[in-house]
Visitor: 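Before anything else, here's the structure in question.
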Amino acid sequence: MKAVFFDLDGTLLDTLPDIRNAMNYALRAYDGEAASDSEVRRYVGRGLHRALTQAALEKKPRGLDENEFELMFQLMMASYRKHPVDETRPYPGIEALLGRLKSDGVRIGIVSNKADQIVQEIIDALLPGIFDFVSGEKPGFPLKPDPSLLLSGLEAVGSSPAEAVYVGDSEVDAETGKRAGVRTLIVSYGFRTRAELEKNGVEIAADDVKALDEILKSIL
């Protein structure tokens, strides 16, 4: 194997607190109810625009037509851009795992459905100088589970799908890896519980970072 690519949210980093804070900042501005951690976990996975759409359906912000919703989304993103790493942290053991992969000469990448600018800022702040490819949502590439961004990243680092592993934490990631023809490992320590993953027919590879590291050691 030449490359290991990762999802970001719920796989490498616990970004939930900062996403929750930005979402609730926007919801409160429209007199909506605040979303809990468990609710935000359920909303995320297919981009923050869709996540806020789900939240708006349940939290009943007032006065929303299509234009007002877009303003609320801009408010959320402005808050998130201002506070992208206030509470976000790598999951325990992730930094050591990434360091080992890098020292072994494995190419490492990130593909995320989060806006690319915020992805870059988060990685620069928390995990700088590690990755060979980092990309969030950007023009010309549909959101995951479309495999285009993952395949583009693999090409950029000189790896074929058959020579790569993709690691994620959701049913979206499982579908992304399947469509890309990449061996995929799904973890249950992130934004989806084991029960939620199994309900969606997702095979779980690891329940913690240590177990993930052991699997990667065995196949790289």
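Just so you know, residue 1 is the first one in the sequence shown, and it goes up from there. Here the structure is a predicted model, which means the values were calculated and not measured.
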Visitor: Between D146 and R179, is there a side-chain N and carboxylate O pair less than 4.0 Å apart?
Guide: no

Visitor: Compute whether any side-chain donor of one residue and acceptor of the other, for E58 and Q54, lie under 3.5 angstrom apart.
Guide: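 Checked: E58/Q54 side chains show no N/O donor-acceptor pair below 3.5 Å.
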
Visitor: Please determine whether a side-chain nitrogen of the Lys or Arg among E39 and K59 lies less than 4.0 Å from a carboxylate oxygen of the Asp or Glu.
Guide: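 Looking at K59 together with E39, the answer is yes, because their closest N to O distance falls below 4.0 Å.
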
Visitor: What distance do I123 atom CD1 and S112 atom OG have between them, rounded to the nearest 0.5 Å?
Guide: 8.5 Å

Visitor: Could you tell me whether a side-chain N or O of R192 sits under 3.5 Å from a main-chain N or O of R41, the two making a donor and an acceptor?
Guide: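 Flag set: sc R192 to bb R41 pair under 3.5 Å.
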
Visitor: With distance as the sole test, does D213 use its side chain to make a donor-acceptor pair with the main-chain N or O of V209 at under 3.5 Å?
Guide: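 Checking the backbone N and O of V209 against the side chain of D213, no donor-acceptor pair under 3.5 Å is found.
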
Visitor: Between D132 (side chain only) and G109 (backbone N and O only), is there a donor and an acceptor less than 3.5 Å apart?
Guide: no

Visitor: Within the distance-only criterion (no hydrogens, no angle test), does the side chain of D65 pair as donor or acceptor with the backbone N or O of N67 below 3.5 angstrom?
Guide: yes

Visitor: Give a yes or no on whether the backbone of K60 and the side-chain of E33 come within a donor-acceptor separation of less than 3.5 Å.
Guide: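 Such a contact is absent between E33 side chain and K60 backbone.
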
Visitor: Output yes when a side-chain donor or acceptor of D169 lies under 3.5 Å from a complementary backbone atom of F191, and no otherwise.
Guide: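 At least one qualifying donor-acceptor pair exists.
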
Visitor: Atom CG in L151, atom OG1 in T176: separation rounded to 0.5 Å?
Guide: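 These two atoms lie 10.0 Å from each other.
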
Visitor: How long is the gap from CG on L48 to NZ on K114, to the nearest 0.5 Å?
Guide: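 Reported to 0.5 Å precision, the distance equals 5.0 Å.
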
Visitor: Would you kindly say whether D173 and S170 are connected by a side-chain donor-acceptor distance under 3.5 Å?
Guide: yes

Visitor: Return yes if some donor-acceptor pair links the side-chain N/O of N24 with the main-chain N/O of A35 below 3.5 Å, else return no.
Guide: yes

Visitor: Counting only N and O atoms by type, is there a donor-acceptor contact under 3.5 Å from the side chain of Y189 to the main-chain atoms of T11?
Guide: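 Checking the backbone N and O of T11 against the side chain of Y189, a donor-acceptor pair under 3.5 Å is found.
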
Visitor: Please round to the nearest 0.5 Å and tell me the distance separating atom CD1 of I94 and atom CG of L127.
Guide: 8.5 Å

Visitor: Hey, are K199 and E196 close enough for a salt bridge, meaning a charged N less than 4.0 Å from a carboxylate O?
Guide: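 E196 and K199: not salt-bridged.
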
Visitor: How long is the gap from CD on E175 to NZ on K144, to the nearest 0.5 Å?
Guide: 12.5 Å

Visitor: Between N113 and L143, is there a donor-acceptor pair closer than 3.5 Å when you use the side chain of the first and the backbone of the second?
Guide: no

Visitor: Test side chain to side chain donor-acceptor pair (under 3.5 Å) on E121 and Q117 and set out the steps.
Guide: CA-CA 6 Å; E121 290 177 6; Q117 178 187 353; 3.2 Å; yes

Visitor: When you look at CZ of R50, are more than 12 heavy atoms from neighbouring residues, nucleotides or ligands closer to it than 6.0 Å?
Guide: no

Visitor: CG/L97 to OH/Y91 distance, rounded to the nearest 0.5 angstrom?
Guide: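 It comes to 14.0 Å.
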
